[in-house]
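Remarks on the structure that follows.
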Amino acid sequence: MPIDAGTAEPGGAAGGPGGAGASTPEAVPAFPVWRPVRGGNAFEITVARLVQAIKLGLVRVGERLPAERELAERLQVSRVTLREAIAALREAGYLESRRGRTGGTFVRSALPAPGAGDGRPDAGELAREMGDRLPDALDFRRVLESGAAGLAANRSLPAVERQHLVAALAASRDRDPVHRRVADSRLHLAIAAASGSPSLAAAVADVQLTLDRLLAAIPVIPRNLDHSDVQHTRIVDAILAGDPNGARLVMEEHCDATAELLRGLLG
(Lines give C-alpha, C1' and ligand atoms only; values in the text may rest on other atoms or scores of the structure.)
Protein backbone atom coordinates (compact mmCIF):
# COMPACT_ATOMS: atom_id res chain seq x y z
CA MET A 1 0.00 0.00 0.00
CA PRO A 2 1.55 3.37 -0.95
CA ILE A 3 2.38 5.79 1.81
CA ASP A 4 -0.14 8.59 2.13
CA ALA A 5 0.87 11.81 3.87
CA GLY A 6 -2.54 11.76 5.54
CA THR A 7 -2.03 8.33 7.17
CA ALA A 8 0.16 7.52 10.14
CA GLU A 9 2.62 4.72 9.52
CA PRO A 10 3.25 2.69 12.68
CA GLY A 11 6.77 1.41 13.26
CA GLY A 12 9.81 2.73 11.43
CA ALA A 13 9.81 5.56 8.91
CA ALA A 14 10.70 5.13 5.28
CA GLY A 15 12.48 7.70 3.18
CA GLY A 16 15.74 8.73 1.59
CA PRO A 17 18.89 9.94 3.28
CA GLY A 18 19.57 13.44 4.45
CA GLY A 19 16.89 15.99 5.32
CA ALA A 20 16.12 18.25 8.24
CA GLY A 21 18.93 18.28 10.74
CA ALA A 22 20.44 15.10 9.25
CA SER A 23 23.92 16.01 10.47
CA THR A 24 22.79 16.21 14.11
CA PRO A 25 23.97 13.05 15.90
CA GLU A 26 21.98 13.32 19.11
CA ALA A 27 18.84 11.29 19.80
CA VAL A 28 15.49 13.04 19.88
CA PRO A 29 14.59 14.13 23.44
CA ALA A 30 11.46 12.39 24.73
CA PHE A 31 9.33 15.54 24.84
CA PRO A 32 5.57 14.85 25.02
CA VAL A 33 5.01 16.51 21.62
CA TRP A 34 7.31 13.95 20.00
CA ARG A 35 5.02 11.04 20.95
CA PRO A 36 3.84 8.79 18.08
CA VAL A 37 1.23 10.23 15.73
CA ARG A 38 -1.97 8.23 15.85
CA GLY A 39 -5.14 8.56 13.77
CA GLY A 40 -5.89 9.29 10.13
CA ASN A 41 -4.48 12.82 9.78
CA ALA A 42 -0.74 12.34 10.05
CA PHE A 43 0.18 15.47 8.08
CA GLU A 44 -1.96 17.84 10.15
CA ILE A 45 -0.96 16.19 13.45
CA THR A 46 2.73 16.35 12.51
CA VAL A 47 2.38 20.06 11.67
CA ALA A 48 0.65 20.57 15.03
CA ARG A 49 3.38 18.70 16.93
CA LEU A 50 6.16 20.73 15.31
CA VAL A 51 4.40 24.02 16.01
CA GLN A 52 3.72 22.97 19.61
CA ALA A 53 7.41 22.19 20.10
CA ILE A 54 8.32 25.63 18.75
CA LYS A 55 5.71 27.53 20.77
CA LEU A 56 6.55 25.66 23.98
CA GLY A 57 10.22 26.55 23.52
CA LEU A 58 11.34 22.92 23.23
CA VAL A 59 13.12 23.99 20.06
CA ARG A 60 13.86 27.69 20.40
CA VAL A 61 14.28 30.35 17.72
CA GLY A 62 17.66 29.84 16.06
CA GLU A 63 17.92 26.20 17.10
CA ARG A 64 17.95 23.25 14.73
CA LEU A 65 15.23 20.60 14.59
CA PRO A 66 16.32 17.10 15.58
CA ALA A 67 17.66 14.75 12.91
CA GLU A 68 15.00 13.83 10.35
CA ARG A 69 15.46 10.07 10.76
CA GLU A 70 15.15 10.11 14.54
CA LEU A 71 12.31 12.62 14.58
CA ALA A 72 10.35 10.58 12.01
CA GLU A 73 10.92 7.45 14.10
CA ARG A 74 9.83 9.20 17.29
CA LEU A 75 6.64 10.51 15.65
CA GLN A 76 6.24 7.21 13.75
CA VAL A 77 5.46 8.90 10.45
CA SER A 78 7.20 8.50 7.11
CA ARG A 79 9.97 10.87 6.13
CA VAL A 80 7.70 11.98 3.28
CA THR A 81 5.07 13.12 5.79
CA LEU A 82 7.69 14.81 7.99
CA ARG A 83 9.27 16.63 5.03
CA GLU A 84 5.88 17.87 3.85
CA ALA A 85 5.06 19.15 7.33
CA ILE A 86 8.43 20.92 7.53
CA ALA A 87 7.92 22.42 4.06
CA ALA A 88 4.49 23.70 5.10
CA LEU A 89 5.96 25.40 8.16
CA ARG A 90 8.72 26.97 6.06
CA GLU A 91 6.01 28.52 3.90
CA ALA A 92 4.16 29.69 7.02
CA GLY A 93 7.33 31.38 8.33
CA TYR A 94 8.11 29.15 11.32
CA LEU A 95 11.14 27.33 9.86
CA GLU A 96 14.03 27.91 7.49
CA SER A 97 16.50 25.55 5.84
CA ARG A 98 20.24 26.13 5.71
CA ARG A 99 22.78 24.30 3.56
CA GLY A 100 26.29 23.13 4.33
CA ARG A 101 27.95 21.03 7.02
CA THR A 102 26.22 23.01 9.76
CA GLY A 103 22.94 23.19 7.87
CA GLY A 104 19.58 21.69 8.53
CA THR A 105 16.14 23.00 9.41
CA PHE A 106 16.10 25.80 11.98
CA VAL A 107 13.36 27.57 13.89
CA ARG A 108 12.95 31.00 12.34
CA SER A 109 10.07 32.32 14.43
CA ALA A 110 7.56 31.21 17.05
CA LEU A 111 4.93 33.13 15.09
CA PRO A 112 3.86 32.90 11.44
CA ALA A 113 5.63 35.26 9.04
CA PRO A 114 3.81 38.62 8.70
CA GLY A 115 2.95 37.84 5.09
CA ALA A 116 1.77 34.30 5.83
CA GLY A 117 -1.70 35.51 6.69
CA ASP A 118 -1.98 37.60 3.52
CA GLY A 119 -2.88 40.70 5.53
CA ARG A 120 -5.81 38.99 7.20
CA PRO A 121 -6.82 39.37 10.88
CA ASP A 122 -4.55 37.81 13.50
CA ALA A 123 -5.72 34.23 14.03
CA GLY A 124 -4.34 34.04 17.57
CA GLU A 125 -6.26 37.13 18.61
CA LEU A 126 -9.47 35.78 17.08
CA ALA A 127 -9.00 32.48 18.91
CA ARG A 128 -8.48 34.29 22.22
CA GLU A 129 -11.65 36.28 21.62
CA MET A 130 -13.58 33.05 21.07
CA GLY A 131 -12.23 31.47 24.25
CA ASP A 132 -14.16 28.33 25.22
CA ARG A 133 -16.47 28.78 22.25
CA LEU A 134 -13.73 27.56 19.91
CA PRO A 135 -13.37 23.95 21.15
CA ASP A 136 -17.14 23.79 21.57
CA ALA A 137 -17.68 24.94 17.97
CA LEU A 138 -15.14 22.42 16.66
CA ASP A 139 -16.80 19.54 18.53
CA PHE A 140 -20.27 20.68 17.46
CA ARG A 141 -19.14 20.97 13.86
CA ARG A 142 -17.74 17.43 13.86
CA VAL A 143 -21.05 15.97 15.03
CA LEU A 144 -23.25 18.16 12.83
CA GLU A 145 -21.36 17.89 9.55
CA SER A 146 -20.67 14.17 9.75
CA GLY A 147 -24.36 13.62 10.45
CA ALA A 148 -25.33 15.82 7.52
CA ALA A 149 -23.00 13.91 5.17
CA GLY A 150 -24.43 10.60 6.35
CA LEU A 151 -28.02 11.75 5.85
CA ALA A 152 -27.21 13.12 2.39
CA ALA A 153 -25.76 9.74 1.38
CA ASN A 154 -28.89 8.00 2.67
CA ARG A 155 -31.14 10.00 0.37
CA SER A 156 -31.92 9.35 -3.25
CA LEU A 157 -30.77 12.73 -4.51
CA PRO A 158 -32.47 14.24 -7.56
CA ALA A 159 -30.26 15.12 -10.51
CA VAL A 160 -30.28 18.83 -9.73
CA GLU A 161 -28.91 18.26 -6.19
CA ARG A 162 -26.25 15.87 -7.47
CA GLN A 163 -25.16 18.44 -10.05
CA HIS A 164 -25.07 21.13 -7.37
CA LEU A 165 -22.77 19.00 -5.19
CA VAL A 166 -20.43 18.29 -8.10
CA ALA A 167 -20.29 21.98 -9.04
CA ALA A 168 -19.65 23.02 -5.43
CA LEU A 169 -16.86 20.45 -5.18
CA ALA A 170 -15.19 21.77 -8.34
CA ALA A 171 -15.41 25.37 -7.09
CA SER A 172 -13.92 24.40 -3.71
CA ARG A 173 -10.59 23.56 -5.38
CA ASP A 174 -9.92 27.24 -6.10
CA ARG A 175 -6.53 28.21 -4.61
CA ASP A 176 -7.14 31.96 -4.39
CA PRO A 177 -7.30 32.53 -0.58
CA VAL A 178 -10.41 34.72 -0.70
CA HIS A 179 -12.36 32.59 -3.17
CA ARG A 180 -11.22 29.38 -1.53
CA ARG A 181 -12.70 30.16 1.88
CA VAL A 182 -16.07 31.13 0.38
CA ALA A 183 -16.14 28.11 -1.95
CA ASP A 184 -15.16 25.78 0.90
CA SER A 185 -18.08 27.02 3.01
CA ARG A 186 -20.46 26.70 0.08
CA LEU A 187 -19.49 23.06 -0.41
CA HIS A 188 -20.14 22.29 3.25
CA LEU A 189 -23.47 24.09 3.05
CA ALA A 190 -24.37 22.18 -0.13
CA ILE A 191 -23.68 18.90 1.68
CA ALA A 192 -25.83 20.04 4.60
CA ALA A 193 -28.65 21.04 2.25
CA ALA A 194 -28.43 17.63 0.57
CA SER A 195 -29.21 16.04 3.96
CA GLY A 196 -32.84 17.08 3.41
CA SER A 197 -33.08 18.57 6.92
CA PRO A 198 -33.58 22.35 6.97
CA SER A 199 -32.86 22.44 10.71
CA LEU A 200 -29.56 20.61 10.26
CA ALA A 201 -28.60 22.80 7.30
CA ALA A 202 -29.29 25.93 9.38
CA ALA A 203 -27.16 24.62 12.25
CA VAL A 204 -24.27 23.85 9.88
CA ALA A 205 -24.55 27.38 8.48
CA ASP A 206 -24.34 28.78 12.02
CA VAL A 207 -21.23 26.81 12.95
CA GLN A 208 -19.57 27.66 9.62
CA LEU A 209 -20.21 31.33 10.36
CA THR A 210 -18.77 30.94 13.87
CA LEU A 211 -15.49 29.54 12.51
CA ASP A 212 -15.30 31.49 9.25
CA ARG A 213 -13.13 34.45 10.31
CA LEU A 214 -10.72 32.19 12.18
CA LEU A 215 -10.32 29.76 9.28
CA ALA A 216 -9.81 32.68 6.90
CA ALA A 217 -7.06 34.10 9.13
CA ILE A 218 -4.76 31.08 9.47
CA PRO A 219 -1.72 30.80 7.16
CA VAL A 220 -2.39 29.15 3.80
CA ILE A 221 -0.57 25.80 3.71
CA PRO A 222 -0.72 24.27 0.21
CA ARG A 223 -0.23 20.68 1.42
CA ASN A 224 -3.19 21.09 3.76
CA LEU A 225 -5.27 22.38 0.85
CA ASP A 226 -4.30 19.30 -1.16
CA HIS A 227 -5.35 17.06 1.71
CA SER A 228 -8.62 18.96 2.10
CA ASP A 229 -9.37 18.63 -1.62
CA VAL A 230 -8.89 14.86 -1.43
CA GLN A 231 -11.19 14.60 1.59
CA HIS A 232 -13.85 16.79 -0.04
CA THR A 233 -13.79 14.54 -3.10
CA ARG A 234 -14.10 11.39 -0.99
CA ILE A 235 -17.05 12.86 0.91
CA VAL A 236 -18.96 13.85 -2.23
CA ASP A 237 -18.13 10.54 -3.92
CA ALA A 238 -19.50 8.65 -0.91
CA ILE A 239 -22.68 10.74 -0.91
CA LEU A 240 -23.27 10.20 -4.63
CA ALA A 241 -22.55 6.48 -4.22
CA GLY A 242 -25.11 6.18 -1.42
CA ASP A 243 -22.49 5.24 1.21
CA PRO A 244 -23.63 6.94 4.45
CA ASN A 245 -21.02 5.30 6.68
CA GLY A 246 -18.19 6.28 4.33
CA ALA A 247 -19.47 9.85 3.99
CA ARG A 248 -19.81 10.21 7.75
CA LEU A 249 -16.37 8.80 8.53
CA VAL A 250 -14.53 10.92 5.95
CA MET A 251 -16.32 14.06 7.14
CA GLU A 252 -15.26 13.26 10.71
CA GLU A 253 -11.68 12.81 9.48
CA HIS A 254 -11.92 16.13 7.62
CA CYS A 255 -13.22 18.01 10.66
CA ASP A 256 -10.57 16.39 12.87
CA ALA A 257 -7.84 17.48 10.44
CA THR A 258 -9.04 21.08 10.57
CA ALA A 259 -9.22 20.99 14.37
CA GLU A 260 -5.69 19.55 14.63
CA LEU A 261 -4.31 22.22 12.32
CA LEU A 262 -6.00 25.00 14.28
CA ARG A 263 -4.75 23.65 17.63
CA GLY A 264 -1.23 23.41 16.27
CA LEU A 265 -1.10 26.83 14.62
CA LEU A 266 -2.88 28.62 17.46
CA GLY A 267 -1.17 26.82 20.32
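Below, all heavy atoms of this structure are taken into account, side chains as well, without hydrogens, waters or symmetry copies. For reference, positions follow the sequence shown, starting with 1.
Considering CD1 of I239 and CG of L157, their distance stands at 7.5 Å, rounded to 0.5 Å. Rounded to the nearest 0.5 Å, atoms CZ (F106) and CD (E63) are 10.0 Å apart. Rounded to the nearest 0.5 Å, atoms OG1 (T46) and CG (L50) are 6.5 Å apart. To the nearest 0.5 angstrom, L211 atom CG is 5.5 Å from M130 atom CE. R180 CZ to L225 CG: the interatomic distance, rounded to the nearest 0.5 Å, is 4.5 Å. To the nearest 0.5 Å, atom SG of residue C255 and atom CG of residue N41 are 10.5 Å apart.
Residues L215 and L262 have side chains in contact (heavy-atom distance under 4.5 Å, counting atoms from C-beta outward). Side chains of R79 and E84 form no contact here, defined as non-hydrogen atoms less than 4.5 Å apart. Under the 4.5 Å side-chain criterion, counting only non-hydrogen atoms from C-beta, L261 is in contact with I221. In this structure, the side chains of R186 and S172 stay at 4.5 Å or more apart for every pair of heavy atoms.
In the hydrophobic cluster analysis, where Ile, Leu, Val, Met, Phe, Trp and Tyr join through side-chain heavy atoms closer than 4.5 angstrom, V166 is grouped together with L187. When hydrophobic clusters are built by joining Ile, Leu, Val, Met, Phe, Trp and Tyr residues whose side-chain heavy atoms come closer than 4.5 Å, directly or via intermediates, L144 is not grouped with L165. Placement of V207 and L209 in two distinct hydrophobic clusters is found when ILVMFWY residues are connected by side-chain heavy-atom separations under 4.5 Å, directly or transitively. In terms of hydrophobic clustering, with Ile, Leu, Val, Met, Phe, Trp and Tyr side chains grouped at heavy-atom distances under 4.5 Å, F140 and L200 are assigned to a common cluster. L138 and V143 fall into different hydrophobic clusters, where Ile, Leu, Val, Met, Phe, Trp and Tyr residues are linked whenever their side-chain heavy atoms come under 4.5 Å apart, directly or through other members.
Residues forming a side chain to side chain contact (heavy atoms under 4.5 Å, CB included) with D212 (at least two apart in sequence, or on another chain): R181, S185.
Nearest approach of A238 to A247, heavy atoms of both residues: CB-N, 3.5 Å. The minimum heavy-atom distance linking A148 with A192 is given by the pair CB-CA, 4.0 Å. Closest heavy-atom contact between L89 and V47: CD2-CG1, 3.9 Å. In terms of heavy atoms, E161 sits closest to A193 at OE1-O, 4.3 Å. Contact between A217 and L126 at its shortest, heavy atoms only, is CB-CD1, 3.8 Å. Closest of all the heavy-atom pairs between A42 and V77 is CB-CG1, 4.3 Å.
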(message) What verdict does the side-chain contact (heavy atoms from CB on, under 4.5 Å) test give for D184 and S228, after you've listed the backbone C-alpha separation in whole Å, the side-chain angles of each residue and the deciding distance to 0.1 Å?
(response) CA-CA 10 Å; D184 186 285; S228 182; 4.2 Å; yes
- Query: Between L240 and R162, does a side-chain contact (heavy atoms from CB on, under 4.5 Å) hold up when you go through it step by step?
  - Reply: CA-CA 7 Å; L240 297 180; R162 297 172 72 89; 3.8 Å; yes
Verify ring pair (Phe, Tyr, Trp, His ring centres under 6.0 Å) between H227 and H232, making sure each step is shown before the conclusion. CA-CA 9 Å; H227 194 191; H232 283 159; over 10 Å; no
- Message: Could you go through R35 and Q76, starting from their C-alpha distance and side-chain angles, then the distance that decides it, and tell me whether this counts as side chain to side chain donor-acceptor pair (under 3.5 Å)?
- Response: CA-CA 8 Å; R35 65 190 183 279; Q76 292 190 9; over 6 Å; no
| task | Check the pair T258, R141 against side-chain contact (heavy atoms from CB on, under 4.5 Å), reporting the backbone distance first and the verdict last. | result | CA-CA 11 Å; T258 301; R141 181 198 182 201; 3.7 Å; yes
Could you check I191 against V204 for side-chain contact (heavy atoms from CB on, under 4.5 Å), going step by step and ending with a plain yes or no? CA-CA 10 Å; I191 292 170; V204 169; over 6 Å; no
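Ion pairing between a basic and an acidic side chain is recognised when a charged N comes within 4.0 Å of a carboxylate O; E96 and R90 show no such pairing. D226 and R175 are joined by a salt bridge, as a carboxylate oxygen and a charged side-chain nitrogen come within less than 4.0 angstrom of each other.
The neighbour count for R60 CZ, taken as heavy atoms of other residues, nucleotides or ligands under 6.0 Å away, does not exceed 12. The number of heavy atoms from other shown groups lying within 6.0 Å of CZ (R173) is above 12. The environment of CG in D132 is sparse: at most 12 heavy-atom neighbours from other residues, nucleotides or ligands sit within 6.0 Å.
None of E145, Q231, R234 except one satisfies the side-chain hydrogen bond (donor to acceptor under 3.5 Å, both in side chains) rule with H254; the exception is Q231.
In this structure, R223 satisfies the cation-pi test against F43, with its NZ or CZ atom closer than 6.0 Å to the six-membered ring centre and inside 45 degrees of the ring normal.
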